[in-house]
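Computation of the quantities below employed the complete heavy-atom set of this structure, encompassing side-chain atoms and omitting hydrogens, waters and symmetry-equivalent molecules. Proteins get letters first, then strands, A, B, ... in listed order; numbering begins at 1 in each. Bear in mind the structure is a predicted one, so any value in this text is a computation, not a measurement.
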There are 2 protein chains.
Amino acid sequence: MQKQLHPNISVDCVIFGFDFEKLNVLLVERTYLHPETKEVIFSDYTLAGNHVYVDENLVDAAKRVLNNLTGLDNIYLEQFYAPEDPGRLLKKNDQLWLKKEGKNPEERVVSVCYFSLLNCKEVSIQKKDRNVDWHPISEIRNLGFDHDIILAQALKSLQVKLQNEPIGYEMLPLKFTLSQLQKLYEVVFDMEFDKRNFRKKVSKMKYLIQLDEKQKGVSHKPARYYIFSRDVYEKTKSDILNFSV
Amino acid sequence: MQKQLHPNISVDCVIFGFDFEKLNVLLVERTYLHPETKEVIFSDYTLAGNHVYVDENLVDAAKRVLNNLTGLDNIYLEQFYAPEDPGRLLKKNDQLWLKKEGKNPEERVVSVCYFSLLNCKEVSIQKKDRNVDWHPISEIRNLGFDHDIILAQALKSLQVKLQNEPIGYEMLPLKFTLSQLQKLYEVVFDMEFDKRNFRKKVSKMKYLIQLDEKQKGVSHKPARYYIFSRDVYEKTKSDILNFSV
DNA sequence: AAAAAAAAGTGTACATGGTACACTTTTTTT
DNA sequence: AAAAAAAGTGTACCATGTACACTTTTTTTT
């Protein structure tokens, strides 16, 4: 891998995190100070992203961005979109920011976007010099660049994917309870589900394996733990069709 | 739109066409002759694609490529993938070809890929100087560049999309029969369906509207024609969830 | 020690949707 | 008039989705 960033190619990462209560997205604060007076000209948030090295695989670049913020490797990543508009970086604030960052603000940048899935509780965010933190998805608006559009696409793609594959486990700890799993589906789809029906449904998933172990330290009846078996999943998944619309 | 192609950004189009019998893809023949002896060094096929103009929207570039080959506007287009490998154009034949085309073969090119849907019978292919034609998807292999990978992704994306939205109509004439619609689903999913069950299923789709008109000039009982009503579809589509895996 | 609080865990009846399956009808061709 | 070709049609069974409320287990509080 050659150590030079390509001026026209970037990746952006929509990093979803579940904290057992809400669906969150990892955002980077962007505060632009007046070059002389140092007063705040604007301050907002963006997704995590970076240009790719000239000889770097796109998904490797996304992994690098993710590793930079979380210190983690082997995180679930899914390519979902590339913004189409050549004017995607031309808003006034974005231009100021790009200049400050030493970029040529006129340069067209095609960004290939990935979403990744994490359990908030198991990540320690590597802040370094930047202010990086989880934000509940319901409260996110007015992101920098075209990142509102990218985030909206990411959520749709996550929903489609979660309808078709059991990727929710990527956002849960190794051992989790059925209530936690249900809450995860509820926050991703922004819907509530009936507890008995949800359990009936997941009880058919053979790759969901009940442990003898129970929760500890909770001030109510402790729940049974479950684990996800990738092995069982890979062996039992069958390509069922239902062109439902 | 500035009339200069960006050296690092391209679009590729997987143009699917249905001919009432098979699923086809529009391919461009690529024959490389020895610069002096004019003997054929290699000859194969590629998807349709082109670099984008420096100030051109990606989807507009895909529309342009499509219009170039078919003369058509307002064709269904869906972005589905961007190849990730920086070495995607480095195979020997591809390098020869790029040089011949006046491109810098060392230059990294990120391609954003679209699939589009057509009815073969309603398209007259604009061959110009190139040999462009429909190829049954089952017979396609060893495409140039990384186009085998792109095509495989396109087919998966088409299947997912067709399971969730009634985009099959994009590959049929305005008026079509239920047998034609069934055949379309069969070739896309490479499965056979039961006629009665298929009809029971589509009879629930209110945007499928039966006409009084019947087929003419067929040597058997003529079938009723149906049309797709986008209006009815848009009004009745409800976001039903089934996280089925 | 008893009561309250909190969430876990459980079953049934009904409606809807999927699946397996074969013959009659209508039209053209011979 | 008969044959060929594809259109068109219904039922029984099984699986899945949905609506719905109480008991159990544990901790916390009094």
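Between D:dA6, C:dC21, C:dA7, one nucleotide has an atom nearer to the side chain of B:Asp194 than all others, and that is C:dC21. Relative to the side chain of B:Arg196, the nucleotides C:dT10, C:dA22, D:dA6 differ in distance, and C:dA22 lies closest. With C:dA7, D:dA7, D:dG17 as the choices, the nucleotide that has an atom nearest any side-chain atom of B:Ala223 turns out to be D:dA7.
Within 6.0 Å of CD in B:Glu192 there are 12 or fewer heavy atoms belonging to other residues, nucleotides or ligands.
Across all strands shown, B:Thr177 has no heavy atoms under 4.0 Å from either base or sugar-phosphate atoms.
Under 4.0 angstrom from either OP1 or OP2 of C:dA8 there lies at least one side-chain N or O belonging to A:Ser179. Side-chain nitrogen and oxygen atoms of B:Lys201 include none within less than 4.0 Å of the OP1 or OP2 phosphate oxygen of C:dG17.
Rounded to whole angstrom, the span from the CZ atom of B:Phe198 across to the P atom of D:dA7 amounts to 12 Å. The NZ atom of B:Lys204 sits 14 Å away from the P atom of D:dG17 (whole-angstrom rounding). Between the P atom of C:dA8 and the NZ atom of A:Lys214 lies a distance of 13 Å, rounded to the nearest Å. Here the C1' atom of nucleotide C:dG9 and the NZ atom of A:Lys200 are 15 Å apart, to the nearest Å. Per the geometry, CZ belonging to B:Arg199 stands 20 Å off P belonging to C:dG17, to the nearest Å. Between B:Lys221 atom NZ and C:dT25 atom C1' the separation is 4 Å, expressed in whole Å. One atom, NE2 of B:His220, and another, C1' of D:dA6, lie 5 Å apart when rounded to the nearest Å. The distance from atom CG of A:Asn197 to atom C1' of C:dA15 is 13 Å, rounded to the nearest whole Å.
In this entry D:dT23 has C:dA8 as its Watson-Crick or G-U wobble partner, both defining distances falling under 3.5 Å. For D:dT30, the paired nucleotide is C:dA1, the pair qualifying as Watson-Crick or G-U wobble because both relevant distances are below 3.5 Å.
Of the candidates A:Asp146, A:Leu26, A:Val25, A:Leu47 forms a side chain to side chain contact (heavy atoms under 4.5 Å, CB included) with just one, namely A:Val25.
Relative orientation of the A:Phe189 and A:Phe193 rings is perpendicular, given thresholds of 30° and 60° on the angle between their planes. Ring pair B:Phe115/B:Tyr76 is tilted by interplanar angle, where 30° to 60° counts as tilted.
DNA chain D is contacted by both A:Lys195 and A:Gly217; A:Lys195 maps to the nucleotide lying nearer its 5′ end (nearest heavy atom per residue). Nearest-nucleotide mapping onto DNA chain C: of A:Arg224 and B:Val218, the residue sitting toward the 5' end is A:Arg224.
Ion pairing between B:Glu213 and B:Lys175 holds under the 4.0 Å rule for side-chain N and carboxylate O.
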